[in-house]
Amino acid sequence: PSPMAPAARKADTGRMETSKKPDRPLFVAGLTVVVLVLVAILVIVFRPAPVEYDPATPEGTVQTYVRAVLDRDNDAAAALMVDEPECKPDPYPRFGEESIRISLGKVEIDGDRATVEVRITTSGGNAPFDRYEWTEEDRFFLDREAGVWRIDTAPWRFMICQEGI
């Protein structure tokens, strides 16, 4: 054997060891991405569906009315109101870049009158330090006309006129 043979063997062995050594930071980063994607998929798949109330109930009437107002469909919203709603045009824009979330609360029915309590959460803003959110509690007042629930009075954020705003 020549004196070069042991050095060559040592170099080959060194290369073999480095090629078998896993790249741990890359593996951890890849595993993290896979876990985040799986969590996102699980959140989307198992997110509870929004509750759909029977439109023949006070809470269903409020839900349908709020959707119409948020969709800026004043005709559909007006169809759910008493014949002659009393309202004043709102001098402020109802909705801009804001996000509105409504939670229905207690429902009280007294004959042909009903009250539906709501929690209205408004949020918006552009940057992480420019975000805002506030919550207010209010009520919808309804009357039953010919067996159909109609909105008599809505919270100011959801008030419309027959002609629209």
Side-chain angles (χ1 to χ4, degrees), residues 26-165:
L26 184 59
F27 174 76
V28 170
L31 184 61
T32 301
V33 168
V34 169
V35 168
L36 289 174
V37 168
L38 288 175
V39 168
I41 290 170
L42 290 174
V43 166
I44 291 169
V45 169
F46 292 108
R47 178 178 45 194
V51 176
E52 293 291 327
Y53 294 98
D54 180 357
T57 63
E59 54 268 45
T61 301
V62 167
Q63 184 178 52
T64 305
Y65 176 84
V66 165
R67 284 186 179 149
V69 171
L70 290 175
D71 290 342
R72 298 183 191 275
D73 187 350
N74 287 346
D75 293 335
L80 295 168
M81 298 183 75
V82 294
D83 292 338
E84 295 181 34
E86 294 179 24
C87 65
K88 299 174 188 169
D90 189 352
Y92 306 104
R94 285 187 293 181
F95 310 103
E97 298 296 319
E98 300 172 333
S99 173
I100 306 284
R101 187 176 62 244
I102 309 293
S103 303
L104 295 179
K106 186 176 175 183
V107 178
E108 292 181 11
I109 300 173
D110 184 14
D112 287 337
R113 301 258 322 141
T115 304
V116 178
E117 294 180 359
V118 293
R119 171 175 250 149
I120 305 165
T121 303
T122 306
S123 59
N126 296 330
F129 300 108
D130 191 27
R131 300 281 307 159
Y132 62 87
E133 179 173 299
W134 78 87
T135 300
E136 57 190 300
E137 295 183 9
D138 213 329
R139 294 182 182 97
F140 283 85
F141 296 96
L142 297 90
D143 290 332
R144 187 169 23 206
E145 297 177 342
V148 177
W149 288 105
R150 304 237 182 250
I151 306 290
D152 179 43
T153 306
W156 72 272
R157 296 285 285 179
F158 295 97
M159 201 63 199
I160 64 160
C161 295
Q162 291 281 4
E163 305 81 34
I165 294 178

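Just so it is clear, the structure is predicted and the values come from calculations on it, not from any experiment.
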Any non-hydrogen side-chain atom of Glu108 less than 4.5 Å from a side-chain atom of Arg139?
no

To the nearest 0.5 Å, tell me how far [X] [atom1] sits from [Y] [atom2].
X	Y	atom1	atom2	answer
Asp143	Ile151	CG	CD1	10.0 Å
Met81	Arg150	CE	CZ	11.0 Å
Arg157	Ile100	CZ	CD1	4.0 Å
Glu59	Ile109	CD	CD1	6.5 Å
Arg119	Asp138	CZ	CG	12.5 Å
Lys106	Thr115	NZ	OG1	9.5 Å

Criterion side chain to side chain contact (heavy atoms under 4.5 Å, CB included) against Thr61, the qualifying member of Val148, Leu142, Val116:
Leu142

Partner of Leu36 under side chain to side chain contact (heavy atoms under 4.5 Å, CB included), chosen from Val33, Leu38, Thr32:
Thr32

Could you check whether the rings of Tyr65 and Phe140 sit parallel, tilted or perpendicular, using 30° and 60° as the cut-offs?
perpendicular

Would you check if the side chain of Arg113 reaches a backbone N or O of Phe141 as a donor-acceptor pair within less than 3.5 Å?
no

Does Thr122 offer a backbone N or O that forms a donor-acceptor pair with the side chain of Glu136 under 3.5 Å?
no

Which atoms form the tightest heavy-atom contact between [X] and [Y], and what is the distance?
X	Y	value
Ala76	Ala68	CB-CB, 3.9 Å
Pro155	Val118	CG-CG2, 4.3 Å
Thr57	Trp149	C-CD1, 3.9 Å

CZ/Arg144: more than 12 non-hydrogen atoms of other groups inside 6.0 Å:
yes

Does atom CG (Asp54) have a neighbourhood of more than 12 heavy atoms from anything else shown, all under 6.0 Å?
yes

